[in-house]
Amino acid sequence: MTDRPRHSRRPPAGAARELPNLRTLPRSFYERAVLEVARDLLGMMLVRDLPRGRRLVGRIVEVEAYDGRRDLACHASKGRTKRTDPMFGEAGRAYVYFVYGMHCCLNVVTGPVDYPAAVLLRAVEPVEGWRWLAARSSEPARIASGPGRVTRAFRVGLSLNRADLCGGGPLRITRGKPVPPRLIARGRRVGVDYAGAWASKPWRFGVRGHPALSRPFGSGRRT
DNA sequence: ATCGAGATTACA
DNA sequence: GTAATCTCGATC
């Protein structure tokens with residue numbers, strides 16, 4: 001790996017209070033090719049601060065990469081619009097969009113400014129603060145498996161669109177234990193069958209065999 | 001002003 | 001397999 005991410009959060013000078021042992025990923029982590037960022041996000045921690053000092057932490061176990069205007073599965077293939085604008089902006093910020101009249105999806109913007117690319121967070125494994133999360137009937141309980149469930153569990157709505165994940169905001173991603181390549185499953189992205197050849201790019205990544213994966217991984221081929 | 005589609009989820 | 005549900009983007 002070329003550029004080992006350094007920790008952006010340094011000990012605040014005076015205020016010794018609420019010093020997280022969690023190290024926020026620096027912007028440089030996101031200022032790379034989206035496929036690398038996607039892979040490297042596996043194992044990292046999604047952190048959400050809620051009112052009343054509550055905090056949710058979850059380990060990212062499944063993601064998808066969307067890469068630029070040429071990628072017909074990427075929203076930015078439609079051009080720069082009000083909706084897709086965040087993807088053209090600064091890396092390390094959230095791109096949140098609303099779909100199917102009921103779900104929000106959370107993405108992390110990557111790459112240089114003006115190059116629209118992002119990583120969709122599809123599944124997260126609970127680590128901290130999840131006791132209240134009402135699991136659905138037959139589920140293994142307490143997982144956020146699927147992009148709509150991730151945002152629901154983490155209370156991520158459109159108000160967090162463009163939120164900076166590298167700063168001290170209510171939503172951030174911190175350093176976790178990276179997942180070694182041999183434990184990473186790849187496959188085609190979900191729900192993008194309309195994208196022609198781009199639909200079969202193996203740009204979905206997940207922790208192999210993890211129970212929180214939103215769907216089984218098929219055989220990914222092609223670049 | 002109206003219309004159609006969608007990076008999904010839950011349930012019959 | 002399909003209903004639910006709404007924002008955005010395109011079209012009239």
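The sequence lines fix the lettering, A, B, ..., with proteins before strands; numbering per chain opens at 1. As the structure is a prediction and not an experimental result, all values here were calculated from the model.
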Q. Between A/Lys82 and A/Met102, which has a closest nucleotide on DNA chain C that is more 5'?
A. A/Met102
Q) When the nearest nucleotide of DNA chain C is assigned to A/Gly101 and to A/Lys78 on a heavy-atom basis, which residue is associated with the more 5' position? A) A/Gly101
Q.
Between the base of B/dA7 and the ring of A/Tyr66 - centre-to-centre under 5.5 Å, planes within under 30° - is that a stack?
A.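 So A/Tyr66 counts as stacking on the base.
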Rounded to whole Å, please give me the gap between [atom1] in [X] and [atom2] in [N].
X	N	atom1	atom2	answer
A/Glu62	B/dT8	CD	C1'	13 Å
A/Leu121	B/dT8	CG	P	13 Å
A/Asn161	C/dT7	CG	P	14 Å
A/Arg204	B/dT8	CZ	C1'	13 Å
A/Arg149	B/dA7	CZ	P	19 Å
A/Phe98	C/dG9	CZ	P	14 Å
A/Arg188	B/dA7	CZ	P	15 Å
A/Arg215	B/dT9	CZ	C1'	10 Å

Q: Could you tell me whether the phosphate oxygens of B/dT9, OP1 or OP2, come under 4.0 Å of any side-chain nitrogen or oxygen in A/Arg152?
A: no
**Q.** Salt-bridge criterion met for A/Arg172 and A/Asp164 (N-O under 4.0 Å)
**A.**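 Between A/Asp164 and A/Arg172 there is no salt bridge, as every charged N stays at least 4.0 Å from the carboxylate O atoms.
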Quick check for you: among [options], whose closest atom lies nearest to any side-chain atom of [X]?
X	options	result
A/His103	B/dT8, C/dC6, B/dA7	B/dT8
A/Arg83	B/dA7, C/dT7, C/dG9	C/dG9
A/Pro147	B/dA7, B/dT9, C/dT7	B/dT9
A/Leu158	C/dT7, C/dA4, B/dA7	C/dT7
A/Tyr95	B/dA10, B/dA7, C/dC6	B/dA7
A/Thr81	C/dC6, B/dA7, C/dC8	C/dC8

**Q.** Atom CZ of A/Arg83 with >12 non-hydrogen neighbours under 6.0 angstrom
**A.** yes
(Q) A/Asp85: which residues meet the side chain to side chain contact (heavy atoms under 4.5 Å, CB included) condition with it, sequence neighbours left out? (A)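 Only A/Arg80, A/Arg162 meet the side chain to side chain contact (heavy atoms under 4.5 Å, CB included) criterion with A/Asp85.
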Q) Does A/Arg189 make a cation-pi contact with A/Tyr66, if we ask for NZ or CZ under 6.0 Å from the ring centre and within 45° of the axis? A) yes
Q | Lys NZ or Arg CZ of A/Arg204 over A/Phe217 ring: under 6.0 Å, within 45° | A |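 Yes, A/Arg204 lies over the aromatic ring of A/Phe217.
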Q: Can you tell me which stems DNA chain C forms, taking runs of 3 or more consecutive Watson-Crick or G-U pairs with both distances under 3.5 Å?
A: B:1-6 with C:6-11, B:8-11 with C:1-4
Q: Would you kindly check whether a donor in the side chain of A/Tyr100 faces an acceptor in the base of B/dA5, or vice versa, at under 3.5 angstrom?
A: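 Between B/dA5 and A/Tyr100, which were checked side chain against base, a qualifying N/O pair under 3.5 Å is absent.
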Q: For the residue pair A/Leu42 and A/Leu183, establish whether any side-chain heavy-atom pair is separated by less than 4.5 Å.
A: no
**Q.** side-chain hydrogen bond (donor to acceptor under 3.5 Å, both in side chains) between A/Glu62 and A/Ser214, worked out
**A.** CA-CA 8 Å; A/Glu62 182 187 342; A/Ser214 62; 2.8 Å; yes
Q) Distance from A/Glu64 atom CD to A/Arg188 atom CZ, nearest 0.5 Å? A)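 It comes to 11.0 Å.
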